[in-house]
Colleague: 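Structure incoming, see below.
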Amino acid sequence: MEERKASSQWGSRLGFMVAALGSALGLGSLWRFPYIAAENGGGLFVLVYLIFIVLLGVPLMAAEMAIGRSSQSSPVRAYGTLATKHKRAWQSIGALGVITGVLILSYYSVVAGWSLDYFRLSLTGGLPTSNDIDAFKGVFGELLKSPGTLLFWHVVVMLCTAWVVGRGVKGGIEQVTEWLMAILFLILIVLLGYSMTLPTFIDSVKFVFGFHAEDFTSESVLEAAGHAFFTLSLGMGAMLTYGSYLDKRSGVLSTAVLVSVMDTVASLVACLVVFPVTLNGGITELKEGGPGLVFNTLPLSAQALPFGGVWISVVFALLFVAALASTVSLLEVPVSVLIDSFGLARRKATALAAGVITLLGTPAALSWTPGFFSDGMTKIFGKSWFDLVDSLSANWFLSLGALGTCLFIAFAMDRKQLAAEFVRNHEGGRKLFQLWFLTTTVVSPIIIVVVFLKTLNVF
Ligand code: PHE
């Protein structure tokens with residue numbers, strides 16, 4: 001397979017790693033992980049999640065990157081060109097990935113918009129100053145019921161994302177994510193340093209790493225598996241697309257390990273910032289926070305701290321920065337397909353994909369507006385549009401895409417060509433390749449199928 005031209009390749013291996021990390025590290029790690037870890041009892045959940053990162057995340061990320069690099073093409077084409085037979089059928093994995101990416105971005109961008117609105121509120125004194133959780137919940141509820149505000153921020157997020165993607169791989173995605181990640185880690189380290197000074201830090205460490213099984217249910221196992229895919233941007237072709245911009249010299253396995261480790265560290269750090277601050281504010285039941293943990297509970301507790309207002313602004317700036325590097329990778333998937341398979345110019349492809357996704361995000365933004373999708377009005381399968389798209393794409397389609405990729409590795413791709421992707425870079429040679437192959441083609445699919453059957457209540 002011919003390499004892509006230099007302008008459509010990463011400028012350096014570091015640039016690729018940072019971009020992949022930017023994709024992974026987003027709202028999943030900073031907003032979602034702390035509250036699901038709290039809901040599922042902390043320690044034991046974290047352990048199961050870590051096991052899934054090792055058994056599902058790392059092998060699958062290496063698989064996607066290897067498919068991308070080996071084919072030097074966007075998802076739909078990649079599965080087609082690499083399949084030894086039934087090319088068209090295998091292409092459907094890529095197509096499913098595009099649909100999943102489009103769906104995820106349509107509501108992810110709305111959530112990223114929440115952080116922008118909270119950032120604005122924190123700067124303009126719009127957040128409550130009382131110690132009353134209901135006042136904070138009121139602000140959140142108010143936001144969800146303001147379609148104009150939600151749509152405004154959704155459009156802002158989509159415009160920022162399209163601006164980066166439109167500039168291309170090296171000059172846009174790579175350059176901007178390098179900046180975003182540098183800012184993100186800086187903010188995260190400062191916040192961690194700050195939360196370490198709080199008396200509740202030790203209790204939080206005990207909660208995150210201690211073993212308490214009370215709140216850990218069989219649902220928790222599913223939650224952990226689904227989140228492993230989501231947080232590492234797997235199952236929809238983002239890592240495949242980024243891998244396709246990689247030259248043939250750089251290794252994929254080491255990148256997959258590094259990105260997974262960094263994403264996991266950031267998720268744990270997020271807990272060690274959110275929990276101590278929250279507990280310090282006198283809230284003892286972390287699990288009650290739910291999705292509002294970072295939006296309600298954290299600001300309530302943080303306001304009591306010296307310079308509390310400043311820290312709150314910093315937290316929401318952090319959320320937005322993290323989200324943006326992820327939205328960029330989500331948009332790049334359909335854009336790369338429009339360029340590769342339909343011959344569109346990058347700018348046109350970006351405008352088209354971003355336009356469609358902005359429209360698709362509209363019902364997501366209206367999900368809480370009475371009369372649209374909430375309050376018993378229009379519901380689909382008993383769910384609001386937002387919840388439906390979220391559970392369909394993040395829980396089902398990502399796992400399905402991941403399973404498809406495992407099967408592709410097992411049955412469709414030429415083994416020699418695949419091995420060359422690993423052995424060429426002397427990444428531990430044959431033995432390591434065989435271990436990876438076994439995990440990807442046997443262990444991961446079994447876990448995914450068991451998770452599926454369990455979700456469907458088959459046993
Ligand atoms: N990994 C991102 C996060 O944790 C979300 C994402 C999912 C990005 C799928 C790209 C693809 O926020």
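On a predicted model such as this, the values are computed, not experimentally measured, just so you know. Whatever order the structure lists them in is the order used to number ligands and atoms, beginning at 1.
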Colleague: Measure the distance from atom 1 (N) of ligand 1 to every protein heavy atom, then report the residue, atom name and distance (to 0.1 Å) of the closest one.
Modeller: F230 O, 2.8 Å
Colleague: Does any N or O of ligand 1 fall below 3.5 Å from an N or O anywhere on M236, backbone included?
Modeller: no
Colleague: Counting heavy atoms not belonging to R120, are there more than 12 under 6.0 Å from its CZ?
Modeller: yes
Colleague: S329 heavy atoms, cut-off 4.0 Å: which ligand 1 atoms fall inside?
Modeller: 10 (C)
Colleague: Considering residues, nucleotides and ligands other than F209, do more than 12 of their heavy atoms fall under 6.0 Å from its CZ?
Modeller: yes
Colleague: Side chains of T81 and S71 only: does a donor on one sit below 3.5 Å from an acceptor on the other?
Modeller: no
Colleague: Between D263 and S29, is any side-chain donor less than 3.5 angstrom from a side-chain acceptor?
Modeller: yes
Colleague: Below 4.0 angstrom from a heavy atom of G26, which ligand 1 atoms are there? Numbered from 1 as shown, please.
Modeller: 3 (C), 4 (O), 12 (O)
Colleague: Does ligand 1 have an atom that lies less than 4.0 angstrom from a heavy atom of Y108?
Modeller: yes
Colleague: Report yes if some N/O of A24 lies less than 3.5 Å from some N/O of ligand 1; otherwise report no.
Modeller: yes
Colleague: Measure from atom 9 (C) of ligand 1 to every heavy atom in G97, A238, S233 and give the option owning the shortest one.
Modeller: S233
Colleague: Quick check on contacts: which atoms of ligand 1 are under 4.0 angstrom from a heavy atom of L27?
Modeller: 12 (O)
Colleague: Less than 4.0 Å between a side-chain N and a carboxylate O, is that true for R346 and E332?
Modeller: yes
Colleague: When you look at NZ of K206, are more than 12 heavy atoms from neighbouring residues, nucleotides or ligands closer to it than 6.0 Å?
Modeller: no
Colleague: Based purely on interatomic distance, does L234 place a nitrogen or oxygen under 3.5 Å from a nitrogen or oxygen of ligand 1?
Modeller: no
Colleague: Using 30° and 60° as the class limits, which term best fits the ring planes of F275 and F207: parallel, tilted or perpendicular?
Modeller: perpendicular
Colleague: Any idea which part of R32 is under 4.0 Å from ligand 1, heavy-atom wise: side chain, backbone, both or neither?
Modeller: neither
